[in-house]
Amino acid sequence: MKSKIRSLHLLTPALALLALSACQGTAIDNEKKADKPAKESGADVDSIISEFPLQESLLTASRSYKVTSDEDTSLVWYVTLNTSVQWPEALGKHKIDNLRDSIVTLTFGIDAPKDIRKAIVKSVTDLEQYGLTGRIEEVDTIPQAAEISEFYATKALQLIECTQQTVTYSATSSEYMGGAHPNSGATPFSFVLGTDQAVTMDYLFEKGAMKELEPMIIEAIAASHSMSVEDVKRALINSPSVIVNNVYIINGNIAFHYNPYDILPYSYGPSEAFIMPYNVENLLTPAAKELLLN
């Protein structure tokens, strides 16, 4: 898939509210702009729009299996494994080797093959990674019967924002292999295109910044869950400072993502905290100030 864009957003539900607030305008304003074509207003279209080529491939794979226990042949499981990756072929003329390596690692784990296609194949053919062993048969369809045990695992890599300065992806997983409930999680991450460098806590913040950031993060999470700060503090199972590799950039804001069980119980679902860079300017590194404020 090829396209030329300035900014491309493919937002997950957790990010939709932020995007909506950034894109809203009044009906009157929109009407005035629509009524006046670019030529009549004297606007030079080519001078207004900046663009660079973005090329990606959508790589998908899916397999279903019947697994029969070696110890008791009456125990049968059906498993469906799905993988979908929006793989960057080119982002402008930028070098993206480190970005690609991170995509593979964060989507499939540090032990995955480095080649993206081999990693995808392994993700839908290796049932041992989910602890499932026995007699394994690939099947075209899974029987529709209430008494069967149907498991699944889905991995996905989605582009959620691309600008001329940064690119942000989210590696997600969802699986049910028995137990009380399915498990799911996401790892959003950003890269600086000009340097092929990951946006990390150390890239963004001066040493010791989390002491001041933590109250702001808790306040933002409380607002997102429509809770008081005191209620969020009582519900915490870990402090935000425990999770340090969960920061990314979206819509020019600094975002912190927490999966279920990271800091709050499973029943709360995922949590997001959005912080405007100018509110933490004194905590930012020179590189972060250049990226987000200048």
Side-chain angles (χ1 to χ4, degrees), residues 11-22 24 106-107 109 130-131 151-156 158 160-161 168-190 198-285 288 292:
L11 295 183
T12 58
L15 303 175
L17 183 59
L18 181 63
L20 179 63
S21 64
Q24 285 178 327
L106 293 173
T107 305
Y130 301 104
F151 298 156
Y152 67 86
T154 299
K155 296 181 184 296
Q158 182 183 30
I160 58 175
E161 180 181 83
T168 298
Y169 286 87
S170 181
T172 62
S173 64
S174 177
E175 69 176 64
Y176 179 71
M177 294 293 169
H181 55 71
N183 291 310
S184 61
T187 304
F189 59 97
S190 300
V199 174
T200 63
M201 284 292 294
D202 290 340
Y203 180 91
L204 290 172
F205 296 106
E206 298 287 359
K207 188 175 181 180
M210 183 52 77
K211 183 177 180 180
E212 292 187 50
L213 284 171
E214 186 165 301
M216 301 173 69
I217 292 172
I218 292 176
E219 184 176 351
I221 289 173
S224 70
H225 286 294
S226 299
M227 298 170 61
S228 69
V229 171
E230 291 72 21
D231 286 342
V232 169
K233 287 181 177 179
R234 281 192 289 268
L236 287 175
I237 55 178
N238 288 306
S239 70
S241 60
V242 173
I243 314 297
V244 296
N245 295 316
N246 63 328
V247 65
Y248 64 103
I249 303 298
I250 190 76
N251 284 343
N253 290 295
I254 300 169
F256 294 86
H257 177 86
Y258 301 93
N259 289 314
Y261 295 127
D262 278 349
I263 60 173
L264 288 171
Y266 177 86
S267 58
Y268 287 82
S271 299
E272 299 271 357
F274 300 100
I275 294 178
M276 296 181 180
Y278 63 79
N279 285 337
V280 291
E281 182 175 358
N282 63 311
L283 304 177
L284 298 177
T285 63
L292 297 172

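Any value given below was found using the heavy atoms of this structure, including those in side chains, with hydrogens, waters and symmetry copies removed.
Pairing each heavy atom of M177 with each of A153, the nearest pair is CE-CB, 3.8 Å. Nearest heavy atoms, F151 versus Y176: CB-O, 3.1 Å.
For A156, the side-chain contact (heavy atoms from CB on, under 4.5 Å) partners two or more places apart in sequence, or in a different chain, are T172. Partners of A235 according to the side-chain contact (heavy atoms from CB on, under 4.5 Å) rule, which considers only residues two or more places apart in sequence or in another chain, are L264, Y268. Under the rule for a side-chain contact (heavy atoms from CB on, under 4.5 Å), the partners of M276 that lie at least two apart in sequence or sit in another chain are N253, Y278, N279.
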Practice problem: May I have the step-by-step check of side-chain contact (heavy atoms from CB on, under 4.5 Å) for F274 and I250, ending in yes or no? | Solution: CA-CA 9 Å; F274 300 100; I250 190 76; 3.7 Å; yes

Quiz item: Under the side-chain contact (heavy atoms from CB on, under 4.5 Å) criterion, do L204 and V280 qualify, and how do the steps go?
Solution: CA-CA 10 Å; L204 290 172; V280 291; over 6 Å; no

Only distances under 3.5 Å count here; give the side-chain donor-acceptor pairs of residues 179-190 to other protein atoms, sequence neighbours excluded, each with its distance to 0.1 Å.
unit_1	atom_1	unit_2	atom_2	d
H181	NE2	Y261	OH	3.2
S190	OG	T168	OG1	2.6
S190	OG	I249	N	2.8
S190	OG	I249	O	3.4

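Distance check: I217 CD1 to I275 CD1 gives 5.0 Å after rounding to the nearest 0.5 Å. Of the inter-residue distances, the one linking S170 atom OG with L106 atom CG reads 10.0 Å to the nearest 0.5 angstrom. To the nearest 0.5 Å, atoms CZ (F256) and CD (E272) are separated by 11.0 Å. Taking CD1 from I218 and CD1 from I263, the interatomic distance works out to 7.5 Å, rounded to the nearest 0.5 Å. Distance check: L213 CG to I254 CD1 gives 8.0 Å after rounding to the nearest 0.5 Å.
Within the 3.5 Å criterion, the main-chain N or O of Y258 finds no donor-acceptor partner in the side chain of N246.
Within the structure, the salt bridge (charged side-chain N to carboxylate O under 4.0 Å, His left out) test picks out the following pairs touching residues 232-241 (sequence neighbours left out): D231-R234. Annotation: side chain to side chain donor-acceptor pair (under 3.5 Å) contacts involving residues 199-221, sequence neighbours excluded, comprise E214-S241.
Within a 6.0 Å sphere centred on CG of N245, heavy atoms belonging to other residues, nucleotides or ligands number 12 at most.
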